[in-house]
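Heads up: the structure comes next, in structure tokens.
In this text, all values refer to a predicted model and were calculated from it rather than measured experimentally. When reading the values below, keep in mind they use all heavy atoms of this one structure, side chains included, and skip hydrogens, waters and symmetry mates. Just so we're on the same page: letters track the sequence lines, and every chain starts at 1.
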Protein chains: 2
Amino acid sequence: MLSFSSQYNVITSPLGDGLHKDGKRLTPQRLKVLNLFENIGSGKHLSAEEVHEKLVKSSSKVSLATIYRTLRLLVQMGLLHELELSEGGHRYELLSNDNPDHHHLICIRCGRTEEFENEEVLKAGKVAAKINGFKLIESSLNVRAICPNCI
Amino acid sequence: MLSFSSQYNVITSPLGDGLHKDGKRLTPQRLKVLNLFENIGSGKHLSAEEVHEKLVKSSSKVSLATIYRTLRLLVQMGLLHELELSEGGHRYELLSNDNPDHHHLICIRCGRTEEFENEEVLKAGKVAAKINGFKLIESSLNVRAICPNCI
DNA sequence: GAGGAAAATGACAACAATTAACACAAGGCT
DNA sequence: AGCCTTGTGTTAATTGTTGTCATTTTCCTC
């Protein structure tokens, strides 16, 4: 039977490359988490708990602790983006090239989120950082609102 | 000895007025929390735990549970503003007239925050809400960055 | 000013989200 | 194949926050 490494090493995934550079390892769990985000599309925002549920459902059991560890790792690697909605914990989304810099419109009642882009916002962040001598990491505009269904 | 109510009722504080309209009551604890924010100035952002510490230090003991309850109340009343910095819990700041609509530049290393205003950002939030049929509550731009001291 | 209904407080239990510890398993070098 | 190091799962601990409930307080009415 094929071992895990012989099955995947040949493909030299971007994930594998990124990990190996740092002495970190490509594991099935890490792949599963990243694949989940890739399959689900780049507009979705999942909590750690939701990632866990979805993986359990697809009979890919990954422990919750590992999911937390993996999410943090993938954020550090720049593959995922973490966003904090005031209500109930952190969410994660895939950071892909065709979904570059965007902001979120969040319904505070049902949690529905819509994305939008805005050049001015990006600029505002840059200017503020420069004026204060900060090194910019990212700027995210969170618009808290109530969606049509919840009004 | 003067009772609490006879000591303060005459002043008819804005806090008292706002509370009484709703059948809610003016208590020394609520005054202490609000006073703390007023004394500390409107550019500061405190966590519930920090509010608790400061009140204990000034020998004004208010229980932590009450602080959480009071902070939520003051936010609902529009006297405080709640902001969520990704790192470590919620922060609260005084919402005063001379410090209207502003955004935050946050150092992810030391937590230092600077404020700035930007009309375009405000507009961006409005537009996004309108396009999607959402009812806007507030839009806040959080710029995550590293401050000069931490670089 | 006293009496009483309604609301608020404090102390503490309960919770949810997240992290730490550690024994065991697995990845990736040679 | 074998070894060293990193990663995983399990479970316990921590943190931030909320619920419960008995006791205390506010504030309205007389």
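Taking the side chain as every heavy atom from C-beta outward, B:Leu36 and B:Leu46 approach each other to under 4.5 Å. Looking only at side-chain heavy atoms (C-beta outward), A:Glu115 and A:His45 come within less than 4.5 Å of each other. Within the 4.5 Å cutoff, the side chain of A:His103 has no heavy atoms near those of the A:Val143 side chain. The side-chain heavy atoms of B:Leu94 and B:Leu80, taken from C-beta on, include a pair separated by under 4.5 Å.
Between B:Ser47 and D:dG16, a side-chain N or O to OP1/OP2 separation shorter than 4.0 Å is absent. Remark: A:Gln29 is in phosphate contact with D:dG9, judged by side-chain N or O atoms under 4.0 Å from OP1 or OP2. For B:Tyr68 and D:dT18, the shortest distance from a side-chain N or O to OP1 or OP2 is not below 4.0 Å. Note on A:Arg30: every side-chain N or O is 4.0 Å or more away from OP1 and OP2 of C:dG27.
Residues from residues 69-76 of chain B that place a heavy atom under 4.0 Å from any atom of DNA chain D, listed by number: B:Arg69, B:Arg72.
Partners of A:Glu114 according to the side-chain hydrogen bond (donor to acceptor under 3.5 Å, both in side chains) rule, which considers only residues two or more places apart in sequence or in another chain, are A:Arg112. Partners of A:Asn39 according to the side chain to side chain contact (heavy atoms under 4.5 Å, CB included) rule, which considers only residues two or more places apart in sequence or in another chain, are A:Asn35. In terms of the ring pair (Phe, Tyr, Trp, His ring centres under 6.0 Å) criterion, B:Phe37 has no residue partners (sequence neighbours excluded).
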For a quick test of your reading: what N or O donor-acceptor pairs under 3.5 Å do the side chains of residues 64-73 of chain B make, sequence neighbours left out?
residue, atom, partner, partner atom, Å
B:Thr66, OG1, B:Ser63, OG, 3.1
B:Thr66, OG1, B:Arg69, NH2, 3.3
B:Thr70, OG1, B:Thr66, O, 2.7

Only pairs under 3.5 Å count here: list side-chain donor-acceptor contacts from residues 122-138 of chain B, not counting sequence neighbours, and write none if there are none.
residue, atom, partner, partner atom, Å
B:Asn132, ND2, B:Ala128, O, 2.9
B:Glu138, OE1, B:His81, NE2, 2.6
B:Glu138, OE2, A:Arg144, NH1, 3.3

Please tabulate the protein-to-nucleotide N/O contacts below 3.5 Å involving nucleotides 14-16 of chain C, giving atom names and distances.
none

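Summarising the hydrophobic clusters (Ile, Leu, Val, Met, Phe, Trp, Tyr; side-chain heavy atoms under 4.5 Å, direct or chained), the residues clustered with A:Val56 are none.
For B:His52 and C:dC12, the NE2 to C1' distance is 13 Å, given to the nearest whole Å. Between A:Lys24 atom NZ and D:dC4 atom C1' the separation is 16 Å, expressed in whole Å. Between B:Leu19 atom CG and C:dA8 atom P there is a gap of 8 Å when expressed in whole angstrom units. Rounded to an integer number of Å, the gap from B:Lys32 NZ to C:dG10 C1' is 13 Å. Separating the CG atom of A:Leu55 from the P atom of D:dG9 is a distance of 10 Å, rounded to the nearest angstrom. Here the P atom of nucleotide C:dG27 and the NE2 atom of A:His20 are 10 Å apart, to the nearest Å. Following rounding to the nearest Å, B:Leu26 (CG) and C:dA6 (C1') show an atom-to-atom distance of 16 Å. When rounded to the nearest whole Å, the span between CD1 of B:Ile67 and P of C:dA11 equals 12 Å.
Without hydrogens or angle criteria, B:Asn118 side chain to B:Glu120 main chain gives a donor-acceptor distance under 3.5 Å.
With distances taken from any side-chain atom of A:Ala48 to the nucleotides C:dT9, C:dT18, D:dG9, the minimum falls on C:dT18. Across C:dC12, C:dT18, D:dG9, the shortest atom-to-atom separation from the side chain of A:Thr66 is found for D:dG9.
For the helix from C:dG1-D:dC30 to C:dT30-D:dA1, the terminal axes (five pairs an end, C1' atoms, rotation from four pairs onto the next four) enclose an angle of 40°, given to 10 degrees.
Identified under the salt bridge (Lys or Arg N to Asp or Glu O under 4.0 Å) test for residues 28-54 of chain A, with sequence neighbours left out: A:Glu50-A:Arg91.
Comparing A:Ala65 and A:Gly23 against DNA chain D, the residue whose closest nucleotide sits nearer the 5' end is A:Gly23.
Between the base of C:dA6 and the side chain of B:Arg25 there is a donor-acceptor pair shorter than 3.5 Å.
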